[in-house]
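What follows is one structure encoded as structure tokens, with my remarks underneath.
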There are 2 protein chains.
Amino acid sequence: MPRTLRFYFDFSSPYGYLATARIDDLAQRHDCKVDWRAHLLGVAMKATGQKPLLNQPLRGAYAQHDLNRMARDFGLPLVQPDVFPIHSVAASRAFYALKDDEDGQSDFLARQLFHAYWGEGRDISRPDDIAREAAAIGMDGEALIQRMALPETRQRLREEVDDAMERGIFGSPMFDIDGELFWGCDKFDQMDRWLAAGGW
Amino acid sequence: MPRTLRFYFDFSSPYGYLATARIDDLAQRHDCKVDWRAHLLGVAMKATGQKPLLNQPLRGAYAQHDLNRMARDFGLPLVQPDVFPIHSVAASRAFYALKDDEDGQSDFLARQLFHAYWGEGRDISRPDDIAREAAAIGMDGEALIQRMALPETRQRLREEVDDAMERGIFGSPMFDIDGELFWGCDKFDQMDRWLAAGGW
């Protein structure tokens, strides 16, 4: 059975978006399965006492520069969306509505939502936005809106966020390899060594 | 003329200490000269509004685990000093007292101070501590204490910290390659690519 690499992200996080450029390559190199998990950084930031990085003095300016440099390094388009920051609750509900479907539909939608927001600057905060992006990749957008609104979908997101918090997930991206956490896009090279060596 | 790689660190920062394991290898691979610069994170944290990472909920526990994992990865001993955190003003004054001496004496002292504190857990916050560590590597500890107390040494540290803040240095380690800033021990692999490619 292949190992599982849990990939935690928040749809409003540009570093989470950039991680999508390298996660599959890492997993394939080490015969891992990627388990995508949407998280809500707003909940995590209440626990850690942090404010959004891009709004912090000095650190925000550095992060903006680092993001652009990393996007070129990783080969992904990156724009500054007109609507920022956004609430990622609707996108995360849509993701978990599809999470147990076959064929990685939730991950397929997640890539489209990330691309729409961070690659092309389209708002993805409202259910209609989600339906539009779902339709763009051949899904039934109206059906998805209905599934997003179901009590069990809303409950699923709450449970996933609670579980992530219990695991100590406070950032985007964060990766969980058999309980070993790695934080940030800068960890890809170390994770590659970790998986190759079987830990150290 | 070789390129200069500015290496900013705070003596109280374990990640700054760990960076000393890889900085020379990176520089040698790309024919760079390393310019060590002590910084005071306390000043930077006033500007950024941050508290010490190791004291932050969730993030602190992650960082402690990450530090131990990284120390094993980088091949450096790492202990939890009994006295923590410490003020790094005295150590930084000692560093700048020697900065313009020949033969890299300041960097030699910096390595000893980092090793004493993070590798073996000895306090390095008081002038007598600095003198003890200087003597351990064959320097005149009493003479160093006298140089640390000189008005020009104190002024030098103030100017260096002001200059670092103007450059946007808020973390330890941070690296400045021709004005391009990189933050964190996790940046070594990206800096290696950056220097090999001549930027991107």
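Below, chains carry the letters A, B, ... as their sequence lines are ordered, and counting in each starts from 1. Predicted, not measured: the structure shown is a model, and the values here were computed from it. Reckoned from all heavy atoms, side chains included, excluding hydrogens, waters and symmetry mates.
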Original post:
Hey, are B:E159 and B:Q155 close enough side-chain-wise for a donor-acceptor pair under 3.5 Å?
Top reply: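 Yes, because at least one side-chain N or O of B:Q155 sits under 3.5 Å from a partner of the opposite role on B:E159.
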
Subject >> Between B:L58, B:D189, B:T48, B:D73, the one whose heavy-atom pairs under 4.5 Å with chain A are most numerous >> reply: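 Highest number of heavy-atom pairs under 4.5 Å: B:D73.
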
In terms of heavy-atom proximity below 4.5 Å to chain A, should [X] be classed as side chain, backbone, both, or neither?
X      : value
B:D66  : side chain
B:R193 : side chain
B:F188 : neither

**OP:** Rounded to the nearest 0.5 Å, what's the gap from CH2 on B:W200 to CH2 on B:W194? Could you check?
**Re:**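 Separation between the atoms: 6.0 Å.
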
**OP:** State plainly whether one hydrophobic cluster holds both B:I23 and B:I169, where clusters connect Ile, Leu, Val, Met, Phe, Trp and Tyr through side-chain heavy atoms under 4.5 angstrom apart.
**Re:**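 B:I23 and B:I169: one cluster.
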
Subject >> Sole candidate of B:D107, B:D35, B:T153 that passes side-chain hydrogen bond (donor to acceptor under 3.5 Å, both in side chains) when paired with B:K99 >> reply: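 Exactly one pass, corresponding to B:D35.
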
**OP:** Heavy atoms only, distances under 4.5 angstrom: which of A:R59, A:H65, A:Q56 has the most pairs with chain B? Name it, please.
**Re:**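 Option with the greatest count: A:R59.
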
**OP:** Quick one: sort the B:F114 and B:F11 rings into parallel, tilted or perpendicular, breaks at 30° and 60°.
**Re:**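 Judged by the thresholds at 30° and 60°, the geometry between B:F114 and B:F11 is tilted.
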
Subject >> A:M174, part contacting chain B, at a heavy-atom distance under 4.5 Å >> reply: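 When you check distances to chain B, only side chain atoms of A:M174 fall under 4.5 Å.
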
